[in-house]
Amino acid sequence: MIIPEISIPITEIPLTAKVRLFMKREDLIHPQISGNKYWKLFYNINNYLHQKPENPLIITFGGAFSNHIAAVAALGKEVGISTVGIIRGEELADRWPENPTLTFAQQNGMQFRFVSRSAYRDKESLSRLLKNEFPRALIIPEGGTNEYAVQGIRHMLNNETKSFDYLCTAVGTGGTVAGISRFASDNQKVLGFMVVDDESLNTRIPEFSEKKNFELLEAHDGGYGKITDANIRFVNGFAQKYGIPLDPVYTGKMMKRILELIEEGFFPDGSRILAFHTGGLQGIQGANALLKKQGKVLIKRI
Ligand SMILES: Cc1ncc(COP(=O)(O)O)c(C=O)c1O
């Protein structure tokens, strides 16, 4: 993997408000390994390849709609490494071809192991077993969050991002917000929008960033992956109004909450707010497959 030459555009979201809101389009960095996934995998993969492993293999974990699983599969194909996905939910063993994320991953060469939810939760035992079975494999945790991932997030920040008072990102496993916190300038405040209801984030993120410059705000709208009618209206309305597609699980929930906070006067007048578009658009197809049964639809990519 090489650092892409493209410079990621920062786009203003035109508002009639006393603050200014912008998005950094990390989703445009790569058609399949988009957003924060590219940077979270960057040092993980480069360091592994640097060791010149024989028969390189990446093993990672995720749910049926995981952006991380899709990104690892695409990356494995791009750099010529075999990939194995440990997928949550034994019931998917027969049904995975109905799932767009897993179909995409399989088409990119990923092999699956489906495990029960309780076995999946016990990640330490699972990792131990996998290490015994594949001693030379690179085992990347769920969501890709580890020290290398946090280091990779540095590339989402540059001279241009220094001019903002607030840096915002959606939070799943916490690696991205930890990296932004670690590499932000001293005067910047970092806001993490938690799309999961997971209190352990409050202790996990400080393990990766000692700074006190970040605040975690709830944005899960009823639970991880839950897509309400209000979420659908918001994502569709945002795409129509500003021409920027959002995913329903991460960036859609973050942007909805940011606009609510602006209305509520959370940000001081004159603030410059930057939200990172961390990708996840592959999830729209899977969400639409579920929503279709209820007669609802999310706008596809623009
Ligand atoms: C689109 C998108 N945005 C944000 C995140 C949150 O990243 P993290 O798990 O590092 O908190 C994820 C999860 O990987 C994601 O897929």
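As the structure lists them, so they are numbered: ligands from 1, and atoms in each ligand from 1. All figures in this text were calculated on a predicted structure; none of them were measured in a lab.
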Going by the order shown, which atoms of ligand 1 are within less than 4.0 Å of some heavy atom of [X]?
| X | value |
| --- | --- |
| Gly280 | 1 (C) |
| Gly174 | 8 (P), 9 (O), 10 (O), 11 (O) |
| Asn67 | 1 (C), 15 (C), 16 (O) |
| Gly279 | 1 (C) |

- Message: Going by salt bridge (Lys or Arg N to Asp or Glu O under 4.0 Å), name the residues that satisfy it together with Glu260, two or more places apart in sequence or in a different chain.
- Response: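 Glu260 satisfies salt bridge (Lys or Arg N to Asp or Glu O under 4.0 Å) with Lys256, Arg257 only.
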
- Query: Would you say the side chain of Phe114 lies within less than 4.5 Å of the side chain of Leu102, judging by non-hydrogen atoms?
  - Reply: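 Side chain of Leu102 against side chain of Phe114, heavy atoms only: contact under 4.5 Å found.
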
Which residue owns the protein heavy atom closest to [atom], what's the atom, and how far is it?
| atom | answer |
| --- | --- |
| atom 3 (N) of ligand 1 | Thr278 OG1, 2.6 Å |
| atom 7 (O) of ligand 1 | Asn36 ND2, 3.1 Å |
| atom 15 (C) of ligand 1 | Lys37 NZ, 3.1 Å |
| atom 6 (C) of ligand 1 | Gly172 N, 3.4 Å |
| atom 9 (O) of ligand 1 | Thr173 OG1, 2.6 Å |
| atom 8 (P) of ligand 1 | Lys40 NZ, 3.3 Å |

- Message: Give me the atom names and distance for the closest heavy-atom approach of Met254 to Ala275.
- Response: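 Of all heavy-atom pairs spanning Met254 and Ala275, the closest is CE-CB, 3.9 Å.
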
- Note on the structure: Output for pair (Tyr43 OH, Arg154 CZ), nearest 0.5 Å, gives 4.5 Å

Looking at [X] and [Y], does any basic side-chain N land under 4.0 Å from a carboxylate oxygen?
| X | Y | value |
| --- | --- | --- |
| Glu147 | Arg182 | yes |
| Glu160 | Lys24 | no |
| Arg136 | Glu54 | no |

- Mind checking what makes side chain to side chain contact (heavy atoms under 4.5 Å, CB included) contact with Asn67, not counting sequence neighbours? Lys37, Tyr250, Gln282

- Message: Heavy atoms only: which of Trp39, Phe65, Tyr250 lies closest to atom 12 (C) of ligand 1?
- Response: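 Considering heavy atoms of Trp39, Phe65, Tyr250, the nearest to atom 12 (C) of ligand 1 sits in Tyr250.
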
- Test of proximity, Val171 against ligand 1: N or O pairs below 3.5 Å: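 The answer is no, given that Val171 and ligand 1 share no N or O pair closer than 3.5 Å.
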
